[in-house]
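My questions will all concern the structure given below.
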Amino acid sequence: MKPTGIVFFPAFDWGISPTHPEREERLLYTRDQLFEEGIMDLPQIVEYQPRMANDRDIARTHFCIPGVADQATDAHRISCGGALTIADAVMNAQIKNGFALVRPPGHHAMRVAHGNRGFCNINNEAIMVDYLRYHYGLKKIAIVDTDVHHGDGTQDIFWHDPDVLFISFHQDGRTLYPGSGFVQEIGGPLAQCSTINIPLPPGTGDQGILYVLDNLVLPILQDFKPDLIVNSAGQDNHYTDPLANMQFTAQGYAELNRRLAPDIAVLEGGYSVETALPYINMGIIMAMAGISYSNLYEPDYKGHRFEKQKAGSSIKMTVERLQNLWQIREALIDDTRKRQKEFYQQQKSIYYDTDGINEQQLETVRMCPDCMGYHTIDSHASLHSGDENHVFCISIPLKACLRCQGDAWNLYEDRKAKDDVYQALYMQDKVQDRFLRYSVRDGQEISFE
Amino acid sequence: MYIGIDVGGTFTDGVVLYEGRVIRWAKSPTKTDRIRESIEEVLGQLLPEQEGGKVSRIVISTTLITNLLVTNQIETAALVLIPGPGLNMLDFRLTEKEWILQGGIDFRGREIEAVDPSEIKEVGGQIYEQGIRKAAVVGKFCQRNPDQEIMVKSLLQKDYPDLEILMGHEVSGELNFPRRAVTTYYTLTTRQEWRKFAKEIAVVLQALNISVPVVVMKADGGTMSLAASLDAPCQTIFSGPAASTLGAFALTMDDKTSVVADIGGTTTDLALILEGKPLHASKGARIGDKFTHVKALAVRSVALGGDSTVRIKEGKISIGPDRQDKAACFGGSGPTPTDAFNVIGGGGIGNIGASRTTLASLCGGELSQVEKLAQSIVDHFIDRLEENVQSMMAAWEQEPAYKVWEIVNRRKVTIDRVIGIGAASPAIIPLLALRMGCEGFVNTYSTVGNALGAVVARPTLELHLHADTGQGVYCINGHRRKLEMPESFRISDAKQLAEEELEARAVTHGLTDYFKDREFYLEEQFNVIRGWSTTSRIFDLGISISPGVVKGYKGVKV
């Protein structure tokens with residue numbers, strides 16, 4: 001039996017600010033617990049050193065404004081590189097599955113990145129998914145986001161992509177940051193139901209979450225038949241988390257990972273640094289490595305406190321609603337395709353809580369009959385400093401048809417020739433793996449490598 | 001006059017170093033069951049006249065404890081664990097006689113579950129009934145709070161005063177509960193035998209009129225006094241390869257990056273010296289499938305030696321892992337890699353005719369084929385060594401790191417040199433170096449490099465300090481003390497505490513000459529934030545006097 005791979009990168013010398021939840025101390029007690037247990041010495045586990053993600057890895061997924069280096073510090077590149085290291089080890093069959101236990105996190109980072117939102121600059125899982133598809137030719141990937149906060153960044157990145165199934169369960173957006181992730185958010189017109197959101201009422205515990213897993217998540221995964229399953233493994237559903245209000249336990253997390261059996265897990269949030277993280281991280285590793293977690297519990301864990309919390313009726317209703325939507329997904333897409341014009345457009349307003357940025361986006365997608373269509377994003381950000389960034393981004397998806405590829409490049413060249421309103425133009429060609437930034441002001445074009 | 005003795009698996013080597021010159025060396029087959037006699041014999045050869053009084057330093061490196069452990073000739077003891085929550089220790093038995101107690105301490109040294117006196121009483125009874133009179137008591141995170149271990153010990157000894165008990169926090173202050181349990185258990189079950197050996201050595205030396213205190217070689221490439229080793233016999237395991245690595249350094253004395261290849265009869269031990277510093281294993285010494293808290297050099301043993309048996313099976317060459325006889329060129333029956341290297345190198349090692357004859361027997365008596373066959377054997381041998389060197393380097397480069405700084409500034413090194421140690425090295429090292437495209441180093445003393453390493457190795461000392469101002473305590477190597485003024489305790493205070501403690505230990509062990517070479521290998525400070533303010537601080541510091549050569553040693557004169 002192959003071992004489980006771990007990249008443990010606690011970034012002991014990096015924090016958003018000294019007292020911020022995303023600070024140096026966050027994985028200290030997890031380190032102490034993992035090392036004291038000696039779990040890395042077991043033959044079931046192999047530990048890897050993370051590599052650094054390069055500009056190309058990041059530009060394949062994000063439009064970083066103004067450039068990759070402005071959004072991705074060394075810490076971000078290593079955290080993301082940790083996920084890529086695990087991805088390589090899984091694909092090269094060195095390990096049966098792997099856990100990138102890394103920080104800083106990433107699942108609130110959207111396709112266009114002007115700054116930090118929800119403690120995230122670049123999206124580790126999304127970059128890994130695009131990397132896996134480009135380098136290893138994987139067709140279909142499922143991401144199950146088990147962080148207590150809605151994974152709005154990952155949702156945004158794969159919103160129009162029918163080949164990436166994004167499932168997020170989280171505390172109801174009416175009661176928690178980022179205030180999104182409702183049942184009706186099911187993906188772009190040609191990718192309906194490739195996004196599934198399961199808002200849960202505050203106070204949901206092990207029974208509720210496992211109910212959702214068994215009755216909705218696992219059946220959908222069975223239908224979707226992904227080549228690879230990723231767990232976006234936030235740990236803030238825990239009953240002691242200071243930023244949320246759920247009742248999940250370390251045992252619950254371990255059980256969830258046993259049943260979900262992800263190929264790759266990537267750490268996301270979780271800010272109960274002393275009373276939850278050391279135990280949940282142990283639990284996830286044990287479950288992935290097939291080690292018994294019968295003796296794993298938090299010091300204040302009293303089983304009876306949690307036993308009675310069966311899944312409530314509101315959870316059952318949400319699950320039923322989504323089960324029904326999932327059944328009619330193909331009809332929904334067919335119907336939409338008939339009604340849509342050549343281009344679909346949507347306006348979005350995005351707030352960056354950490355950096356205090358307001359961004360207005362106009363997104364345009366070609367409703368191509370042959371592929372998922374090329375996209376453009378007109379993004380206008382007002383920074384905290386009073387500066388404005390106005391940029392135009394073009395994205396050619398990995399499986400774009402020749403017509404969409406040609407039209408997207410023509411559009412890019414046309415815009416370059418015009419004296420435009422934008423500060424910069426960005427071209428993200430996932431087919432050719434070419435990622436460019438054209439500065440309107442000085443006519444310089446750079447390529448992200 | 002300095003004396004170094006390395007008791008290896010096959011041979012016991014000894015050297016006498018006098019005014020920077022190796023004036024005598026000796027070699028004698030090791031009698032595994034009677035190590036004292038092997039030492040006595042080599043000492044007899046090294047000091048033919050009554051020169052004992054002139055000896056100012058004597059260092060012994062011995063496989064005694066390694067042998068006891070790998071052949072499982074250790075004493076019977078109970079292992080009593082207090083694991084608390086986490087891995088289920090019922091699934092990970094470390095020893096045959098093992099008991100698991102209630103109780104638990106967390107990572108900040110807080111009690112999370114009390115021990116149960118009635119359970120301890122019951123376990124004590126079971127241990128005693130089985131005729132066991134030794135017990136290792138080890139708790140998870142006991143190095144951050146030893147109270148439960150102490151409580152278990154006192155309750156057990158109240159009922160059974162003759163029970164000999166060793167506690168985990170007395171053995172190691174590092175994180176890793178299974179390694180600490182294993183190391184505590186091995187220390188307890190070998191120290192009686194080691195004390196017996198120490199007494200025997202004292203008698204031998206007295207008879208030779210050697211009055212200086214004996215020093216023993218440790219796995220980390222340093223030495224400690226025989227007196228200090230009485231409580232830590234496990235530190236002496238794998239000291240042979242450590243002595244060879246130090247010997248390689250002692251022969252070159254620069255800051256190049258080298259691979260050390262100690263080529264013995266049936267195995268080659270590979271070690272790395274990175275920019276003049278011997279590389280330590282990241283996980284501690286490993287015995288069988290168990291890791292320990294014994295700090296050791298990173299050594300890879302390859303089952304490939306000068307005397308390994310060469311065979312041809314279905315047209316394919318195989319070398320080792322066994323040894324049948326010495327090389328034909330030295331009067332054995334062969335064929336061995338040494339014979340092949342002898343033929344390729346145009347002789348120079350013993351009787352080349354005998355080498356040709358024995359190789360010919362492998363290719364149906366065809367003398368015309370001998371050169372070709374010898375070349376194939378040599379290629380095969382060099383291939384395997386090189387593969388192992390490369391994978392060792394790769395493993396070192398892949399070692400985990402936990403700080404942004406460490407990843408960004410990751411060292412890339414290239415190998416400058418291969419240093420040969422052992423009798424077969426003069427024939428083999430030049431070809432290995434050629435293959436690796438680097439310098440090859442062998443000299444007159446290569447064959448006794450291990451004993452030379454022992455004679456010049458300086459003492460090492462290491463100390464780990466963990467301070468938690470929120471708990472108001474600090475722990476040095478597992479021993480907990482109260483902080484005087486926790487609120488104002490800063491990293492500078494922590495460093496000062498660590499240095500003072502190291503200095504005190506250096507004085508106790510007579511190592512004041514080396515205190516100036518101390519360095520912090522670990523310096524971590526964390527602010528504990530609860531709510532939105534700093535409530536306390538946690539510090540982890542490691543300070544050490546790392547391996548090197550004794551004061552005054554400037555290199556050997558060839």
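Within every chain, numbering begins at 1; the chains are lettered A, B, ... in the order of the sequence lines, protein sequences first and strands thereafter.
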task = For the pair Asn88(B) (side chain) and Asn295(A) (backbone), establish whether a donor and an acceptor sit closer than 3.5 Å, ignoring hydrogens and angles.
result =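 Not confirmed, Asn88(B) side chain does not pair with Asn295(A) backbone.
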
query = In terms of heavy-atom proximity below 4.5 Å to chain A, should Lys283(B) be classed as side chain, backbone, both, or neither?
reply =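 When you check distances to chain A, only side chain atoms of Lys283(B) fall under 4.5 Å.
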
query = Out of curiosity, Lys403(B) NZ to Asp74(A) CG, how far, rounded to the nearest 0.5 Å?
reply =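 Separation between the atoms: 15.5 Å.
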
query = Are the side chains of Leu296(A) and Leu87(B) in touch, meaning some heavy atoms are under 4.5 Å apart?
reply =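 SC-SC contact between Leu296(A) and Leu87(B) ruled out.
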
request  = Tell me, please, which residues at least two apart from Arg56(A) pass salt bridge (charged side-chain N to carboxylate O under 4.0 Å, His left out).
outcome  =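 So Arg56(A) forms a salt bridge (charged side-chain N to carboxylate O under 4.0 Å, His left out) with Asp433(A), Glu449(A).
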
request  = Spell out the residues in residues 33-47 of chain A that have some non-hydrogen atom less than 4.5 Å away from a non-hydrogen atom of chain B, in order of number; otherwise answer 'none'.
outcome  =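 Checking residues 33-47 of chain A against chain B gives Gln33(A), Phe35(A), Glu36(A), Glu37(A), Gly38(A), Ile39(A), Met40(A), Asp41(A), Leu42(A), Gln44(A), Glu47(A).
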
request  = Go through Leu90(B), Val528(B), Asp106(B) and name the one with the most non-hydrogen pairs under 4.5 angstrom from chain A.
outcome  =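 Of Leu90(B), Val528(B), Asp106(B), Val528(B) has the most heavy-atom pairs under 4.5 Å with chain A.
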
request  = Tell me, for Pro10(A) versus chain B, whether the close heavy atoms (under 4.5 Å) come from the side chain, the backbone, both or neither.
outcome  =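 For Pro10(A), backbone and side chain are both near chain B.
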
query = Does the separation of the ring centres of Phe8(A) and Tyr402(B) fall below 6.0 angstrom?
reply =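 Ring-ring flag for Phe8(A)/Tyr402(B): true, centres closer than 6.0 Å.
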
query = Among Arg286(B), Arg410(B), Gln143(B), which has the most heavy-atom pairs under 4.5 Å with chain A?
reply =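 It is Arg410(B).
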
Inter- and intrachain pairs under salt bridge (Lys or Arg N to Asp or Glu O under 4.0 Å), touching residues 391-401 of chain B, at least two apart =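 Residue pairs with at least one partner in residues 391-401 of chain B: Glu397(B)-Lys412(B).
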
ask   = Can you tell me how far the OH atom of Tyr301(A) sits from the CD1 atom of Ile112(B), to the nearest 0.5 Å?
value =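 Going from OH on Tyr301(A) over to CD1 on Ile112(B), the span is 15.0 Å.
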
message = At a heavy-atom distance under 4.5 Å, which candidate from Ala401(B), Ser533(B), Pro400(B) has the highest pair count against chain A?
response =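 Among the listed options, the one with the most contacts to chain A is Pro400(B).
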
task = Would you mind checking which part of Ile538(B) comes under 4.5 Å of any heavy atom in chain A, side chain (CB onward), backbone (N, CA, C, O), both or neither?
result =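 Side chain only.
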
ask   = Which bit of Phe526(B) is near chain A, if near means a heavy-atom gap under 4.5 Å: side chain, backbone, both or neither?
value =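 The side chain, not the backbone.
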
query = Given that the side chain runs from C-beta out, which part of Glu298(A) has a heavy atom under 4.5 Å from chain B: side chain, backbone, both or neither?
reply =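 Neither part.
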
query = Relative to chain B, which segment of Val7(A) carries a heavy atom at a distance below 4.5 Å: side chain, backbone, both, or neither?
reply =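 Nothing of Val7(A), per the 4.5 Å heavy-atom cut-off to chain B.
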
query = Can you say whether Tyr279(A) sits under 4.5 Å from chain B via the side chain, the backbone, both, or neither, judging by heavy atoms?
reply =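 The side chain, not the backbone.
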
inquiry  = Quick check on the structure: residues of residues 14-25 of chain A within a heavy-atom distance below 4.5 Å of chain B, by number.
reply    =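 At a heavy-atom separation under 4.5 Å, chain B is reached by Trp14(A), Pro18(A), Thr19(A), His20(A), Pro21(A), Arg23(A), Glu24(A), Glu25(A).
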
ask   = Which atoms of Asp540(B) come close to chain A, meaning under 4.5 Å heavy atom to heavy atom: side chain ones, backbone ones, both, or neither?
value =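 Only the side chain of Asp540(B) comes within 4.5 Å of chain A.
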
inquiry  = Working note: Glu406(B) + Gln49(A), criterion side chain to side chain contact (heavy atoms under 4.5 Å, CB included); need CA distance, chi angles, decisive distance, verdict.
reply    = CA-CA 11 Å; Glu406(B) 291 171 335; Gln49(A) 185 190 72; over 6 Å; no

inquiry  = If we ignore hydrogens and angles and just use 3.5 Å, is the side chain of Asp13(A) paired with the main-chain N or O of Trp405(B) as donor and acceptor?
reply    =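 It does hold such a pair.
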
key: Arg110(B), part contacting chain A, at a heavy-atom distance under 4.5 Å   =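 Only the side chain of Arg110(B) comes within 4.5 Å of chain A.
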
message = Taking the six-membered ring for Trp, are Tyr29(A) and Phe107(B) closer than 6.0 Å centroid to centroid?
response =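 Under 6.0 Å, so yes.
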
request  = Using non-hydrogen atoms and a 4.5 Å limit, figure out which bit of Asp91(B) sits close to chain A: side chain, backbone, both or neither.
outcome  =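 Contact with chain A: side chain only.
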
inquiry  = Please rank Arg144(B), Glu174(B), Lys290(B) by heavy-atom pairs under 4.5 Å with chain A and give me the top one.
reply    =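 Maximum pair count with chain A is reached by Arg144(B).
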
query = Rounded to the nearest 0.5 Å, how far does CD of Glu524(B) lie from CZ of Phe12(A)?
reply =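 One finds 6.0 Å between CZ of Phe12(A) and CD of Glu524(B).
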
